[in-house]
S.K.: 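My questions will all concern the structure given below.
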There are 2 protein chains.
Amino acid sequence: MKITSPTLLLNETICKANIQMMVDKATANKLILRPHFKTHQSKEVGEWFREVGVDKICVSSIKMAQYFADNNWTDITIAFPVNILEIEKINDLAASIKLNLLSSSPETITYLENNLSDAVDLFIDIDTGYHRTGISYTDTNRIDELLTQIENCSKITFAGFLAHAGHSYKSRSKEEILKVHEQTLEALNGLKKKYISAFPNLIVSNGDTPTCSVANDFGDIDEIRAGNYVFYDYTQYKIGSCEIDQIAVAMACPVVEKKLANKQLIIHGGGVHFSKDSIEEDRLIHFGRIVANKGNTWGKLIDAVFLSSISQEHGTIQCTPTFFEQTNIGDVIYILPIHSCLTADSMKSHTTLGGAVLEHLEGA
Amino acid sequence: MKITSPTLLLNETICKANIQMMVDKATANKLILRPHFKTHQSKEVGEWFREVGVDKICVSSIKMAQYFADNNWTDITIAFPVNILEIEKINDLAASIKLNLLSSSPETITYLENNLSDAVDLFIDIDTGYHRTGISYTDTNRIDELLTQIENCSKITFAGFLAHAGHSYKSRSKEEILKVHEQTLEALNGLKKKYISAFPNLIVSNGDTPTCSVANDFGDIDEIRAGNYVFYDYTQYKIGSCEIDQIAVAMACPVVEKKLANKQLIIHGGGVHFSKDSIEEDRLIHFGRIVANKGNTWGKLIDAVFLSSISQEHGTIQCTPTFFEQTNIGDVIYILPIHSCLTADSMKSHTTLGGAVLEHLEGA
């Protein structure tokens, strides 16, 4: 394979090991595994999950649900608050697959009941501390009101409680991740205890890559929905979710200029390729870490070499003198992305080390 | 037109007025106008330029050059350091259009001379203070060396000096922009004076939306290459490049949740739609400013309502109590993007107020 322009490389062996690792963890803990497919958004990568027995998935938009339904996934949770404006697409999907929706809003539930053509399962969105969406796990009055409302619906069945402990992303060690996990378990175990007798089939679903990667005890949780672990990325490594050699993707970018004055390299690789997500490390905000070029794959982290700034198409590499001297115009350098979900979404394709180009859902 | 999912709206009237404004400015100043097409990357928007006499364009990748060459643009400058790994594509393009390349690297020029099939014009990349790429305008020794090298090439003709005063983006008023502009003019005028007798056809090309929007004196500059002005955006407004009603694009995003606890709204609209570019304003970092919903278009800025955080698909709107009360789940809210180039690149299409969907080059 000859790389000539910015390319998102995918190490299939590492990726499949990540997929298998979470299958094994779910099996060991008797959990339903419903991986989030927003990271890869790829029918081919989806098949690697199917090959190891996964048959339930999670997505974050109706468009993604349609794409995977078109690729024979028949049990899909859209883990994003229902957008009632897309009722026609929801009805199309609900007619053909088992569709599980998410909301914490009585207005949305009323609208769905009045406008759905087919039955759907609905999760109540629970906030266990991330504070992005959902009802606080402590606000059982509002939960009770919603449950009463859902019980009076003919087209909506209460599926359970769904949480996303996104504040786990603020961790910087396995211990910090486990602290978030314990708090999440306490919140969700409490809800399960309170409601299981009235709703014996309720599913408690939780999902974020840091806690699902690190924890080995999932309390009364029934289902996990992690997604990013399929690729991992440099942020997950810094959080403590993974080892550096579990990162399955790297950007390959051509060097187009050597700046003699300040020993920087310019690459073709900018915000439209990496996304603008950054991380702060040793007081430096950067957009990716450079790893060794090992011919058709990448190797270890190179000390003190960073993607230090990006504009639309340009990337600037802050170098050590050695790296600067060893690297020439026309070389390809490999960079671990900060946030693989957004990099994959920007790149719109994944190229395996063997040169196969795997698709990514197009558009926004 | 019924908007049901995140949509990049384009006000064709404003956009065409922006296009005309720069044509008029170029005409008045006897400048070659070579607009940068990286902002819209759209064959249809390109035609709006052609309709008012533009026949030379600028792009920032070979892929973009190919796209516009396929759409009958025959004089294209790739204002990005030549990526020698794409020599085959360069040769394909050079065989069919007038292709102008950019570099400041002797290695690249040697490679081109040895591997080009057809003749190209080459601009020397000049750093006038932005420090991203190029040779410093003060380093006339290196400029002289490059010129000697180019003079000995059979396939490369020296086209002139090309600069991008990207540090104009740090301005926060017209006065600050004009200060950058004056420094740039001084640098480029000096180069022109020094080299014009030896190279009577040399073109001095400069381009960035802030200075091209605000300045009325372009000194000895021959060509301007601004691009963002086709749409402008909230950053350009804060820089001082444009008035708020010159912004030609807004994101339209459905409201999916009202968070009662903290009076925030959740929209479908996140990093994959807006990009992650942000701006700091009144000590708040935000990702977009909310404007009034006027039915099929947008109106004035709404005070103190911001897109305050985004994740992959979610956006959080920090509200005033009034805006929170007036806005309901299922409403569509309009948001001026921080950086229209990256938002358009994320969205991959532009929808006119009349509902026509204009294409954007696909992929990364």
Side-chain angles (χ1 to χ4, degrees), chain A residues 2-6 8 38 60-63 80-86 88-89 103-105 107-108 111 125 131-134 136 139 166 254 256-259 261-262 266 268 271-273 275-278 309 311-314 316 328-330 332 341-342 345-349 362-364, chain B residues 2-6 8 38 60-63 80-86 88-89 103-105 107-108 111 125 131-134 136 139 166 254 256-259 261-262 266 268 271-273 275-278 309 311-314 316 328-330 332 341-342 345-349 362-364:
Chain A
K2 185 163 163 55
I3 293 166
T4 61
S5 61
L8 180 62
K38 80 186 170 87
S60 52
S61 71
I62 293 170
K63 186 180 174 189
F80 186 90
V82 172
N83 173 9
I84 61 173
L85 297 175
E86 292 189 295
E88 284 180 30
K89 290 175 180 169
S103 189
S104 59
S105 305
E107 309 93 302
T108 298
Y111 184 91
D125 192 358
H131 306 322
R132 184 174 65 180
T133 62
S136 169
D139 194 350
V256 297
E257 185 174 332
K258 291 185 77 166
K259 292 172 68 180
N262 54 11
I266 302 297
H268 189 199
V272 297
H273 308 102
S275 95
K276 284 274 184 108
D277 262 333
S278 59
S309 79
S311 44
Q312 185 166 347
E313 303 270 348
H314 297 75
T316 301
N328 295 307
I329 288 175
V332 169
C341 307
L342 290 193
D345 194 83
S346 299
M347 290 301 299
K348 302 294 187 203
S349 71
E362 300 238 317
Chain B
K2 185 162 165 53
I3 293 166
T4 61
S5 61
L8 179 62
K38 79 185 172 86
S60 52
S61 70
I62 293 170
K63 187 180 174 188
F80 186 90
V82 172
N83 172 10
I84 60 173
L85 297 176
E86 293 189 294
E88 284 182 28
K89 290 175 181 169
S103 188
S104 60
S105 304
E107 309 93 300
T108 298
Y111 185 91
D125 192 358
H131 306 322
R132 186 175 62 179
T133 62
S136 168
D139 194 351
V256 297
E257 184 174 334
K258 292 184 77 168
K259 289 170 70 179
N262 53 10
I266 302 297
H268 189 197
V272 296
H273 308 101
S275 93
K276 283 275 183 105
D277 262 333
S278 60
S309 79
S311 44
Q312 183 165 348
E313 303 270 348
H314 297 76
T316 300
N328 294 307
I329 287 174
V332 169
C341 308
L342 290 194
D345 193 84
S346 299
M347 291 300 299
K348 301 293 185 205
S349 72
E362 301 236 315

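Chain A is the first sequence line, chain B the second, and so forth, proteins listed ahead of strands; every chain is numbered from 1.
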S.K.: Look at Gly271(B), Ala364(B), Gly363(B) and state which one has the largest set of heavy-atom pairs under 4.5 Å with chain A.
M.R.: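 That would be Ala364(B).
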
S.K.: Mind checking whether Leu342(B) and Val272(A) have side chains closer than 4.5 Å, heavy atoms only?
M.R.: yes

S.K.: So for Leu8(A), is it side chain, backbone, both, or neither that comes closer than 4.5 Å to the heavy atoms of chain B?
M.R.: neither

S.K.: Counting neighbours of CD on Glu88(A) that are heavy atoms of other residues, nucleotides or ligands and sit closer than 6.0 Å, is the number greater than 12?
M.R.: no

S.K.: Quick one: are Asn328(B) and Glu107(A) in side-chain contact, heavy atoms under 4.5 Å?
M.R.: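 No - every pair of side-chain heavy atoms lies 4.5 Å or more apart.
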
S.K.: Using every non-hydrogen atom in the two residues, find where His131(A) and Lys259(B) come nearest and quote the distance to one decimal.
M.R.: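 Nearest pair, atom of His131(A) first, then Lys259(B): O-NZ, 2.5 Å.
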
S.K.: Please flag which part of Ser104(A) lies under 4.5 Å from any non-hydrogen atom of chain B: side chain, backbone, both or neither.
M.R.: side chain

S.K.: Measure distances from Asn83(A) to the heavy atoms of chain B and classify the residue's part below 4.5 Å as side chain, backbone, both or neither.
M.R.: both

S.K.: State, with a plain yes or no, whether a side-chain heavy atom of Ser5(B) is found less than 4.5 Å away from one of Lys63(A).
M.R.: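 SC-SC contact between Ser5(B) and Lys63(A) ruled out.
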
S.K.: Under a 4.5 Å heavy-atom cut-off, does chain B meet the side chain of Ser60(A), its backbone, both or neither?
M.R.: both

S.K.: Pick whichever of Lys258(A), Lys89(A), Lys2(A), Met347(A) has the most heavy-atom pairs under 4.5 Å with chain B.
M.R.: Met347(A)

S.K.: Chain B heavy atoms under 4.5 Å from Asp139(A): which part of the residue, side chain, backbone, both or neither?
M.R.: neither

S.K.: With distance as the sole test, does Lys276(B) use its side chain to make a donor-acceptor pair with the main-chain N or O of Ser278(A) at under 3.5 Å?
M.R.: no

S.K.: For Glu257(B) and Ser105(A), indicate whether the former's side chain and the latter's backbone hold a donor-acceptor pair under 3.5 Å.
M.R.: no

S.K.: Check Leu85(B) against Pro254(A) and note the closest heavy-atom contact, atom names and distance.
M.R.: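 Shortest heavy-atom separation between Leu85(B) and Pro254(A) comes out as CD1-CB, 3.7 Å.
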
S.K.: Counting only heavy atoms closer than 4.5 Å, note whether Thr133(A) contacts chain B via side chain, backbone, both or neither.
M.R.: both

S.K.: Measuring only between side-chain heavy atoms, which start at C-beta, is Lys38(A) closer than 4.5 Å to Gln312(B)?
M.R.: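 SC-SC contact between Lys38(A) and Gln312(B) confirmed.
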
S.K.: Less than 4.5 Å to any heavy atom of chain A: does that hold for the side chain of Ile329(B), its backbone, both, or neither?
M.R.: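 Both parts, heavy atoms under 4.5 Å.
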
S.K.: Heavy-atom distance under 4.5 Å to chain A: side chain of Glu362(B), backbone, both or neither?
M.R.: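 The side chain, not the backbone.
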
